[in-house]
Amino acid sequence: SPVLAIDDVQWGDADSARLLGELLVPPDPPALLLIAVFRSEEADRSPLLEELRRPSASPSSDLDIREITVEELNREQALRLAKSLLAESSLADDAARLCEGAEAICDESDRSPFLIEELARHMISAVAAGRAFGRGNRVTPDPGPALREVIAGRIERLSAGARQAFELICASGRPVELAVVSAALKLEAESYGAIRSLRTHRLVQLRGSTGKASVDVFHDRIRETVLDDIAPDRLRSHHLLLAEAHQQAGNAEPYLLAMHYRGAGEPQRAGTFAEQAADDAAAALAFDRAAEMYRMALELNPGPPEHARELKVRLAWALSEAGRGADAAPLFMEVAGDVAPAEALELRRRAAEQWLVSGYTDKGMNALRLVMDAVGLSLPATPRATLIDLLIARARLRLRGMRFEQRDQKQVPPEVLLRVDACSVSTALSFVNTILGATLQARYLLYALQAGEPFRIAVGMGREGVFHSTE
């Protein structure tokens with residue numbers, strides 16, 4: 001069976017988790033060993049891991065899912081690794097000094113294999129230059145800046161062009177095409193030499209094929225350390241260079257442009273691209289990402305009040321499609337207070353629907369009563385009255401049958417359509433009050449047949465079929 005390994009899955013989003021789940025469950029799941037690697041310290045903040053770990057999101061029991069914790073090295077293992085690395089230097093000829101050096105590395109590395117290797121390289125270079133090391137003479141003055149010193153030493157040996165290229169790659173936050181780095185540096189020939197120098201110093205690695213190769217920082221710990229030391233103004237300049245280079249390349253994702261323009265301190269341009277990224281994500285059914293981007297657009301570039309309201313409605317829709325109805329409903333209600341009555345009615349109906357399906361029954365029923373009052377309808381006050389209403393509505397449907405005179409939506413008075421739509425919350429209502437939901441379903445179909453608008457009739461008949469299938 002093929003083996004697929006995905007590193008750093010903690011950076012993935014909830015939509016990617018759902019896609020992964022759909023690919024792995026029946027019917028016809030692939031014969032595949034999937035190895036997903038993530039940092040344990042980031043696990044609680046990862047949307048992808050949170051989604052995969054939800055009980056309701058668990059894939060089929062046919063899957064053999066195992067979570068294996070790769071524990072940190074114990075001191076003995078860390079010492080053994082450090083000694084094996086130092087044994088490649090002149091320290092191998094002096095067992096006492098080799099043990100001292102390994103102890104110093106173990107003290108400062110926090111037993112991280114990556115840090116052990118980098119500190120060992122650092123020590124070997126220093127020993128070759130005549131500097132002594134041991135537990136009394138630490139690799140660095142204190143454990144904290146160990147990696148920072150190692151990286152700083154390598155950066156000092158870089159040319160100015162290679163240093164700028166490295167900072168750009170760190171600021172990118174993800175693999176970036178070599179062509180984009182070259183365009184950002186505006187030094188075509190020198191940029192490839194800079195990349196070679198960075199690879200030699202084990203600061204970056206290449207990915208992909210020739211012609212579409214991308215470059216990324218060798219390890220996230222290196223990226224984080226470097227970004228901490230870049231002055232804010234310089235970091236904003238890097239983000240601007242990257243954004244413009246991506247645009248020049250002509251195939252940049254709006255999401256990338258939004259992130260870089262935000263980092264560059266260009267809120268209007270960032271907001272414009274965030275809105276585009278949100279629309280793209282929504283079209284791809286990545287609703288969590290869409291909601292994230294709509295929020296960014298609202299924060300950075302909401303535009304005039306009319307456009308801000310439209311963005312809020314799109315954000316609420318994305319949240320509802322992502323199953324986050326409790327977050328969507330308040331947004332629908334907020335916008336409803338600033339628009340025309342007909343639009344406000346629809347937004348309140350959608351808010352009621354989202355609160356009901358999310359388990360906020362009281363809020364949902366309050367919003368639904370506002371909707372029903374606005375169209376001249378009422379909800380039965382008691383269970384007995386609800387049952388009587390249901391029997392009356394079912395009797396009226398049976399007596400009139402399913403015949404109707406088809407009309408275009410434009411031919412139907414708006415108030416008639418509003419009354420039909422007000423009852424469309426029946427499906428959501430069925431989650432909390434089955435009888436009342438069935439009553440509104442019967443009303444919906446009855447009013448739709450009277451209106452003669454074919455789309456609403458089709459919806460009503462579909463729901464009627466569901467109703468009968470549960471009898």
Side-chain angles (χ1 to χ4, degrees), residues 11-18 45-48 50-51 171-174 232 235-236 239-240 242-244 246-247 252-355 357-358 360 363-364 367 370-371:
W11 304 126
D13 56 22
D15 298 306
S16 300
R18 296 187 190 107
R45 297 189 294 272
S46 168
L48 183 144
E50 181 183 357
E51 177 69 20
S172 177
R174 59 186 286 174
L235 186 57
R236 283 193 291 270
H239 279 296
L240 184 60
L242 285 166
E244 292 174 343
H246 275 296
Q247 277 194 281
E253 300 175 20
Y255 173 80
L256 265 182
L257 296 174
M259 301 305 289
H260 284 309
Y261 276 123
R262 182 175 68 173
E266 298 273 351
Q268 287 193 330
R269 296 165 82 177
T272 298
F273 285 111
E275 184 177 345
Q276 293 180 21
D279 291 341
D280 289 348
L285 308 183
F287 297 114
D288 279 297
R289 171 61 62 84
E292 175 192 351
M293 291 292 99
Y294 282 132
R295 285 192 191 280
M296 185 188 294
L298 276 165
E299 174 191 347
L300 299 177
N301 186 25
E306 297 80 9
H307 188 253
R309 287 196 294 269
E310 181 187 346
L311 283 176
K312 287 180 182 178
V313 171
R314 285 149 73 185
L315 168 59
W317 172 79
L319 288 169
S320 65
E321 293 296 317
R324 294 158 62 184
D327 296 324
L331 282 168
F332 284 132
M333 292 296 286
E334 177 186 343
V335 179
D338 298 323
V339 296
E343 185 180 355
L345 187 68
E346 171 61 14
L347 292 173
R348 291 190 180 104
R349 184 198 65 77
R350 291 165 74 177
E353 193 171 58
Q354 292 305 312
W355 266 321
V357 298
S358 301
Y360 292 83
K363 290 182 177 181
L370 291 175
V371 173

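Heavy atoms only: backbone and side chains are in, while hydrogens, waters and symmetry mates are out.
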J.: If you measure from CZ on F332 to CH2 on W355, what distance do you get to the nearest 0.5 Å?
T.: 11.0 Å
J.: Can a donor-acceptor pair be found, under 3.5 Å and without considering hydrogens, that links the side chain of D15 to the backbone of D288?
T.: yes
J.: Is the closest basic N to carboxylate O distance between E353 and R349 below 4.0 Å?
T.: yes
J.: For a quick test of reading the model, state the closest non-hydrogen atom pair linking G12 to S46 and the distance between them.
T.: O-OG, 4.3 Å
J.: Please name the pair of heavy atoms, one in A264 and one in H239, separated by the smallest distance, quoted to 0.1 Å.
T.: N-CB, 3.6 Å
J.: Is any side-chain heavy atom of M333 closer than 4.5 Å to a side-chain heavy atom of R348?
T.: yes
J.: If every non-hydrogen atom of A352 is compared with every non-hydrogen atom of G364, which pair is closest and at what distance?
T.: CB-O, 3.5 Å
J.: With R269 as reference, evaluate Q247, H260, R262 under the side-chain contact (heavy atoms from CB on, under 4.5 Å) test and give the passing residue.
T.: Q247
J.: Kindly give the heavy-atom pair with the smallest separation between A328 and A316, and that separation in Å.
T.: CB-O, 3.2 Å
J.: Aromatic rings Y261 and F273: how do their planes relate, parallel, tilted or perpendicular, breaks at 30° and 60°?
T.: parallel
J.: What closest approach, in Å, do A274 and A297 show between heavy atoms, and which atom pair accounts for it?
T.: CB-N, 3.9 Å
J.: First locate atom CD of E275, then atom CG of D280, and finally report the distance between them rounded to the nearest 0.5 Å.
T.: 11.0 Å
J.: Can you tell me how far apart CD (E244) and CG (L257) are? Round to the nearest 0.5 Å.
T.: 10.5 Å
J.: Dump the intermediate steps for side-chain contact (heavy atoms from CB on, under 4.5 Å) on E343 and R309, then the final yes or no.
T.: CA-CA 12 Å; E343 185 180 355; R309 287 196 294 269; over 6 Å; no
J.: Report the distance from atom CZ of R236 to atom CD of E266, rounding to the nearest 0.5 Å.
T.: 10.5 Å
J.: So, are R289 and E292 salt-bridged, with charged N and O less than 4.0 Å apart?
T.: yes
J.: What's the spacing between S172 OG and H246 NE2 if we round to 0.5 Å?
T.: 5.0 Å
J.: Are the side chains of R314 and L298 in touch, meaning some heavy atoms are under 4.5 Å apart?
T.: no
J.: Does R350 reach the side chain of W317, with side-chain heavy atoms less than 4.5 Å apart?
T.: yes
J.: For H307 and L311, run side-chain contact (heavy atoms from CB on, under 4.5 Å): C-alpha distance rounded to whole Å, both residues' side-chain angles, the deciding distance at 0.1 Å, then the answer.
T.: CA-CA 6 Å; H307 188 253; L311 283 176; 3.6 Å; yes
J.: Just do the side-chain contact (heavy atoms from CB on, under 4.5 Å) check on M296 and M259 with the steps written out, would you?
T.: CA-CA 10 Å; M296 185 188 294; M259 301 305 289; 3.4 Å; yes
J.: Apply side-chain contact (heavy atoms from CB on, under 4.5 Å) to V335 and L347, showing your working.
T.: CA-CA 8 Å; V335 179; L347 292 173; 3.7 Å; yes
J.: If I compare all heavy atoms of A318 with all of A291, which pair ends up nearest, and what's the gap?
T.: CB-N, 4.0 Å
